Amino acid sequence: MRVEDFEEYEQINLALSDLIQKMDDSSQMKKMLNHVCSSGGKKIRPLILILSTEVCGGDKSRSIDAALAIELIHSASLIHDDLLDGGILRRGLPSAHEKYGVAAALLCGDFLISKAITLISPYGRDAVYEFGSAGMHMAEGETIDVRSVNEEFRQKNYFECINKKTASIFASSAAIGAYIAGCSKDEALRFHAFGEKVGIAYQIVDDLLEFLEELEDKKSTQESVTLPQIYSRTLGREEAVERTIAEVHRYVGFAKELLSTFRPCPAREKLFMITDHITVDLLPNRI
Ligand code: FPP
Ligand code: MG
């Protein structure tokens, strides 16, 4: 079974298109949301949220709005990221600011964040706190990223950067899903740690594919400093790539170890599949 065949994937897409279709047809915001949200996307973060609810024995229909909130804030972060690093192509389409201009793109991000807040707000303290923390961490991580080109950027800085800018929303998605199911603090923390490890592995792979120039569906004018680049300061290209791949396997191993601590069930199997799908399955066969 492919991730795109999961019923949860279909549910997220339906809820997302429903949310956009309800908006006034004449609104420019609706046009932009259609462009940003209907351009594919793997919906990994909302999937992680819903599946975490299911693993914890919760009712997945209760997670849909929270999953949408996560997808919307993620979309906002990509619009803002493209503004910050001169992104021109996103998911094979022109970035929001390329298509609609900087002001409109910025406001589209504002709209998405605000809509996300309305969707997450009924979920109670723990979920809302996680949600807010993810946004704060993403912004902090992006600050480190933006400064990376001007400073001595080492492995330690890289991991802090990707933990915050990328892994934080994976971690919060998993924890929010667990909280919605009414699980214990310990379970939520284990889900949080699982999301963090998957998120780190995912960003390392994304950076590796950029280093190897294997990303065809997105393009930016400014590049961030990445792990293979840091390794290649002292190692040959092949060895730098091999060490980067070893790091991916290490973090995937941590993620799977954490996932193994939860009860076996179809939702847990799906989380194992997603873990591979966005990390090791994307690694190049040849260097
Ligand atoms: C992609 O990085 C960008 C991120 C993972 C996060 C961006 C976060 C922000 C702009 C802060 C937003 C905060 C809120 C609250 C919305 P990348 O440039 O390495 O990856 P890419 O190749 O996909 O662009
Ligand atoms: Mg970018």
Side-chain angles (χ1 to χ4, degrees), residues 33 36-37 39-46 48 68-98 102 105-120 128-149 153 157-173 176 195-196 198-230 244 278-279 282:
L33 292 188
V36 171
C37 299
S39 56
K42 298 184 284 293
K43 310 292 187 299
I44 296 301
R45 297 153 190 81
I48 288 178
L68 275 183
I70 285 291
E71 184 61 17
L72 297 191
I73 198 166
H74 166 59
S75 299
S77 78
L78 295 183
I79 294 175
H80 288 178
D81 176 68
D82 285 335
L83 281 166
L84 290 165
D85 67 11
I88 45 184
L89 197 66
R90 169 75 61 192
R91 296 170 180 161
L93 295 174
S95 61
H97 69 90
E98 278 287 314
V102 170
L106 192 63
L107 292 166
C108 185
D110 291 343
F111 181 93
L112 286 166
I113 297 167
S114 307
K115 180 71 193 175
I117 294 170
T118 68
L119 287 165
I120 199 72
V128 174
Y129 188 86
E130 270 304 328
F131 186 79
S133 302
M136 284 155 59
H137 283 130
M138 282 193 281
E140 267 189 282
E142 191 77 351
T143 310
I144 302 172
D145 189 323
V146 169
R147 289 161 56 106
S148 70
V149 280
F153 195 75
N157 309 112
Y158 172 80
F159 277 100
E160 188 193 350
C161 173
I162 67 166
N163 200 342
K164 288 187 167 155
K165 80 168 185 176
T166 306
S168 60
I169 189 169
F170 281 81
S172 293
S173 300
I176 291 171
E196 182 184 296
V198 184
I200 290 174
Y202 165 77
Q203 187 64 50
I204 299 174
V205 172
D206 198 61
D207 288 343
L208 176 63
L209 296 177
E210 187 184 296
F211 180 78
L212 296 171
E213 294 175 354
E214 288 194 14
L215 289 175
E216 281 164 9
D217 66 338
K218 55 183 174 182
K219 194 159 39 181
S220 297
T221 49
Q222 289 159 45
E223 285 177 7
S224 314
V225 176
T226 63
L227 193 61
Q229 275 176 1
I230 293 171
T244 306
I278 61 165
T279 59
L282 300 176

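Quantities reported herein were computed from a predicted structural model and do not represent experimental measurements. Order of appearance sets the numbers: ligands from 1, and atoms from 1 within every ligand.
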Task: Heavy-atom gap H74 to ligand 1 smaller than 4.0 Å - done: no
TODO: State, to 0.1 Å, how close K42 and Y202 come at their nearest heavy-atom pair, and which atoms those are.
DONE: NZ-OH, 4.0 Å
TODO: Output the atom name for the N/O/S atom of D85 with the smallest distance to the Mg ion (ligand 2).
DONE: OD2
Task: Distance-minimising heavy-atom pair for C37 and L112 - done: SG-CD2, 4.4 Å
Open item on the list: Would R90 count as a contact residue for ligand 1, given that I'm defining contact as a non-hydrogen atom of the residue lying under 4.0 Å from a ligand atom?
Closed with: yes
Open item on the list: Please report the interatomic distance CD(E160) to CG(N163), rounded to the nearest 0.5 Å.
Closed with: 8.0 Å
Task: Identity and separation of the nearest protein heavy atom to atom 13 (C) of ligand 1 - done: G135 O, 4.0 Å
TODO: Would you mind running through ligand 1 and noting each atom that sits below 4.0 Å from a heavy atom of A139?
DONE: 11 (C)
Open item on the list: If I apply the N/O under 3.5 Å rule, does D145 come out as touching ligand 1?
Closed with: no
Open item on the list: Only N/O/S atoms count here: what is the atom of D81 closest to the Mg ion (ligand 2) called?
Closed with: OD2
TODO: Work out which heavy atom in A69 is nearest to a heavy atom in F131; give both atom names and the distance.
DONE: O-CE1, 3.7 Å
- [ ] With heavy atoms only and a cut-off of under 4.0 Å, state how Q203 meets ligand 1: side chain, backbone, both or neither.
- [x] side chain
Task: Minimum heavy-atom distance G109-I79, with the two atoms named - done: N-CD1, 4.2 Å
Task: Closest approach of any protein heavy atom to atom 19 (O) of ligand 1, naming residue and atom - done: K165 NZ, 2.7 Å
Open item on the list: Give the atom numbers and elements of ligand 1 that come within less than 4.0 Å of a heavy atom of H80.
Closed with: 10 (C)
Open item on the list: Give the atom numbers and elements of ligand 1 that come within less than 4.0 Å of a heavy atom of T166.
Closed with: 5 (C)
- [ ] Identify, for atom 12 (C) of ligand 1, the protein heavy atom at the shortest distance, and state residue, atom and that distance.
- [x] S77 CB, 3.7 Å
- [ ] Could you establish whether G87 and ligand 1 come within less than 4.0 Å of each other, counting only heavy atoms on the residue side?
- [x] no
Task: Protein residue, atom and distance nearest to atom 20 (O) of ligand 1, heavy-atom basis - done: D206 OD2, 4.0 Å
Task: CG on D206 to OG1 on T166, rounded to 0.5 Å - done: 8.0 Å
- [ ] Calculate, to the nearest 0.5 Å, the distance between atoms OG and CD belonging to S173 and E71 respectively.
- [x] 9.5 Å
- [ ] Over all heavy atoms of both residues, which pair between H97 and D82 is shortest? Give the atoms and the distance, please.
- [x] NE2-O, 3.2 Å
TODO: For residues M138 and S168, report the shortest heavy-atom separation together with the two atoms involved.
DONE: CG-OG, 3.7 Å
- [ ] Nearest 0.5 Å please: distance from the CD atom of E223 over to the CZ atom of F211.
- [x] 10.5 Å
Task: Taking atom 7 (C) of ligand 1 as the reference point, the nearest protein heavy atom with its distance - done: E142 OE1, 3.3 Å
